2 protein chains.
Amino acid sequence: MSGSKREATVIELPREETQAGRFGKTRDAQSIALLDDYVELISDLLAGTGEARPTDIGRRLGVSHATAIKTIARLKREGLATSRPYRGVFLTPEGEARAALVRARHRLVVDVLLALGVPVEAAEADAEGIEHHVSETTLAAFRDFLKVQRS
Amino acid sequence: MSGSKREATVIELPREETQAGRFGKTRDAQSIALLDDYVELISDLLAGTGEARPTDIGRRLGVSHATAIKTIARLKREGLATSRPYRGVFLTPEGEARAALVRARHRLVVDVLLALGVPVEAAEADAEGIEHHVSETTLAAFRDFLKVQRS
DNA sequence: CCAAAATTGTATCCTTGGCTACACTTCGAT
DNA sequence: ATCGAAGTGTAGCCAAGGATACAATTTTGG
């Protein structure tokens, strides 16, 4: 995924979007979403049982432990997590910060769905997919909406 | 993406989810979303200019025409579209039906976001990502919510 | 303390969405 | 009528997320 697109020698630049524009947008949002899911889950596991194991992570996310380990390696590359062989995974300060943001966003989306009358199970399930596509602008509107609701 | 997972000879079935369960869920939702985007766009182009060309489709979706053509081939395989060399793309009845559903869902999501106070540009942009993750249950709640709003 | 079970890590391979490069039509002007 | 531009199609490559298979390391029950 997310090919290079270099506009090598030929001209052929029909798209107005810059390289930076294309990256960090639709196609790669998915990739970020994956990291967010891992970070949030690891944070939960650490808070809950005190340790986050690749096998548990994989099971919770519905992927094999091998896949989980590969993604954890990526988290480490990105500076979000640390781990040493056979010793579980931990989050860096940045990782924890990210987890906090993700969790807050998740809660906000769920709360809005509930306020709209969505049944709690559906709200939790759908929020998982929705939360990765909500802009900061929309989140702000969500906060305001809930504030008014409560008053 | 979406590997096989056959539980070949070894036992090793740690996940309780069935094969059908894993498919059609998180990981593959993305794949469906892609087809939905194409179908919706093709429908729009046909309605607007009377023809849907691979180059236009690619440009509108921010991918190369080659990528568009590959995905169109997949639409054909799935029975959603038809096309003959150098003659543009058309939708099958199923494709049109799908487009109608997708468009209705898109509108609904946008309307809900607007009702929540999200600025129209953000609403349109975010709906694009959100719409693919909203369950039928949630859509129903959205309809009810708007109905009440209007009254 | 030690063997069996569980967990973790590594090596490959597959599929998919993207891209570039290049070949082949079509179309629009002379 | 023809030539060049624009649009289409095809082939081959890459990266990423997943999977399985197998090796290595804990853990744990006797």
Side-chain angles (χ1 to χ4, degrees), chain A residues 1-15 17 19 22-23 25-38 45 49 51-78 83-89, chain B residues 1-15 17 19 22-23 25-38 45 49 51-78 83-89:
Chain A
M1 266 143 221
S2 70
S4 304
K5 188 211 176 196
R6 206 75 40 72
E7 315 301 10
T9 28
V10 193
I11 323 98
E12 215 255 18
L13 45 158
R15 287 174 284 293
E17 298 161 292
Q19 196 169 20
R22 282 221 59 258
F23 285 159
K25 205 174 160 185
T26 333
R27 196 83 240 123
D28 301 86
Q30 175 218 342
S31 189
I32 291 168
L34 185 69
L35 293 191
D36 281 352
D37 285 342
Y38 271 80
L45 289 173
T49 71
E51 57 181 15
R53 305 303 199 76
T55 300
D56 291 343
I57 293 169
R59 183 167 41 231
R60 288 279 295 269
L61 293 176
V63 300
S64 70
H65 77 277
T67 296
I69 288 172
K70 271 211 307 189
T71 306
I72 290 165
R74 183 151 156 247
L75 287 178
K76 301 209 294 187
R77 260 188 286 135
E78 312 248 344
S83 80
R84 285 216 312 302
Y86 301 96
R87 289 302 173 230
V89 187
Chain B
M1 264 141 222
S2 68
S4 307
K5 188 206 176 205
R6 206 79 37 71
E7 314 302 11
T9 28
V10 193
I11 324 98
E12 214 257 13
L13 46 158
R15 286 175 284 292
E17 300 161 291
Q19 196 168 19
R22 282 223 58 256
F23 285 158
K25 205 175 159 184
T26 333
R27 196 82 238 124
D28 301 86
Q30 176 217 342
S31 189
I32 291 168
L34 186 69
L35 293 190
D36 281 352
D37 285 342
Y38 272 79
L45 289 174
T49 70
E51 57 181 16
R53 306 303 200 76
T55 299
D56 292 343
I57 294 170
R59 184 166 40 229
R60 288 280 294 268
L61 294 177
V63 299
S64 70
H65 78 278
T67 297
I69 288 171
K70 272 213 302 190
T71 306
I72 289 164
R74 182 152 158 246
L75 287 177
K76 301 208 295 188
R77 259 188 286 136
E78 310 249 343
S83 81
R84 286 215 313 301
Y86 301 96
R87 289 300 172 228
V89 187

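As the structure is a prediction and not an experimental result, all values here were calculated from the model. Chain naming here is simple, since letters A, B, ... match the order of the sequence lines and numbering starts at 1 in each. All values below come from the heavy atoms of this structure, side chains included, with hydrogens, waters and symmetry mates left out.
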Contact list (N/O, under 3.5 angstrom) for nucleotides 5-7 of chain C vs protein:
from   : atom 1 : to       : atom 2 : distance (Å)
dT7(C) : O3'    : Arg53(A) : NH1    : 3.4

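Listed by chain and residue number, Leu41(A), Leu45(A) satisfy the side chain to side chain contact (heavy atoms under 4.5 Å, CB included) test with Arg60(A) (two or more places apart in sequence, or in another chain). Listed by chain and residue number, Arg98(B), Arg105(B) satisfy the salt bridge (Lys or Arg N to Asp or Glu O under 4.0 Å) test with Asp36(B) (two or more places apart in sequence, or in another chain). Annotation: side chain to side chain donor-acceptor pair (under 3.5 Å) contacts of Glu51(B) (sequence neighbours excluded): Arg53(B). Looking at residues two or more places apart in sequence or on another chain, you find a side chain to side chain contact (heavy atoms under 4.5 Å, CB included) between Leu75(A) and Leu35(A), Tyr38(A), Val39(A), Ile42(A), Leu80(A), Ala81(A). Partners of Lys76(B) by side chain to side chain donor-acceptor pair (under 3.5 Å), not counting sequence neighbours, listed by chain and number: Ser83(B).
Side chain of Thr67(B), nearest nucleotide from dC19(C), dA19(D), dG17(D): dC19(C). Considering only the side chain of Ile69(B), dG9(D) comes nearest among dG9(D), dT27(D), dG18(C).
Rounding to whole angstrom units, CZ of residue Arg74(B) and P of dT16(C) are separated by 7 Å. Atom pair Arg84(B):CZ and dT25(C):C1' shows a separation of 15 Å (rounding to whole Å applied). The distance from atom CD1 of Ile57(A) to atom C1' of dT8(C) is 12 Å, rounded to the nearest whole Å. When rounded to the nearest whole Å, the span between CG of Leu34(A) and P of dG17(C) equals 16 Å. Whole-Å rounding puts the Lys70(A) NZ to dC14(C) P distance at 14 Å.
Distances shown here put every side-chain N or O of Ser64(A) at or beyond 4.0 Å from the OP1 or OP2 atom of dT20(D). An OP1 or OP2 oxygen of dA16(D) is reached within less than 4.0 angstrom by no side-chain nitrogen or oxygen of Ser31(A). Put simply, Arg87(A) has a side-chain N or O that comes within less than 4.0 Å of OP1 or OP2 on dT27(D).
For DNA chain C, each stem of at least three Watson-Crick or G-U pairs (distances under 3.5 Å) is given as range with range: C:1-30 with D:1-30.
Atom CD1 of Ile57(A) and atom CD1 of Ile72(A) lie 4.0 Å apart (nearest 0.5 Å). Note that the OG1 atom of Thr71(B) and the CG atom of Leu61(B) stand 8.5 Å from one another [nearest 0.5 Å].
Residues Pro54(A) and Ala68(A) approach most closely at O-CB, 3.7 Å, considering heavy atoms.
Between the side chain of His65(B) and the base of dG7(D) there is no donor-acceptor pair of N/O atoms closer than 3.5 Å.
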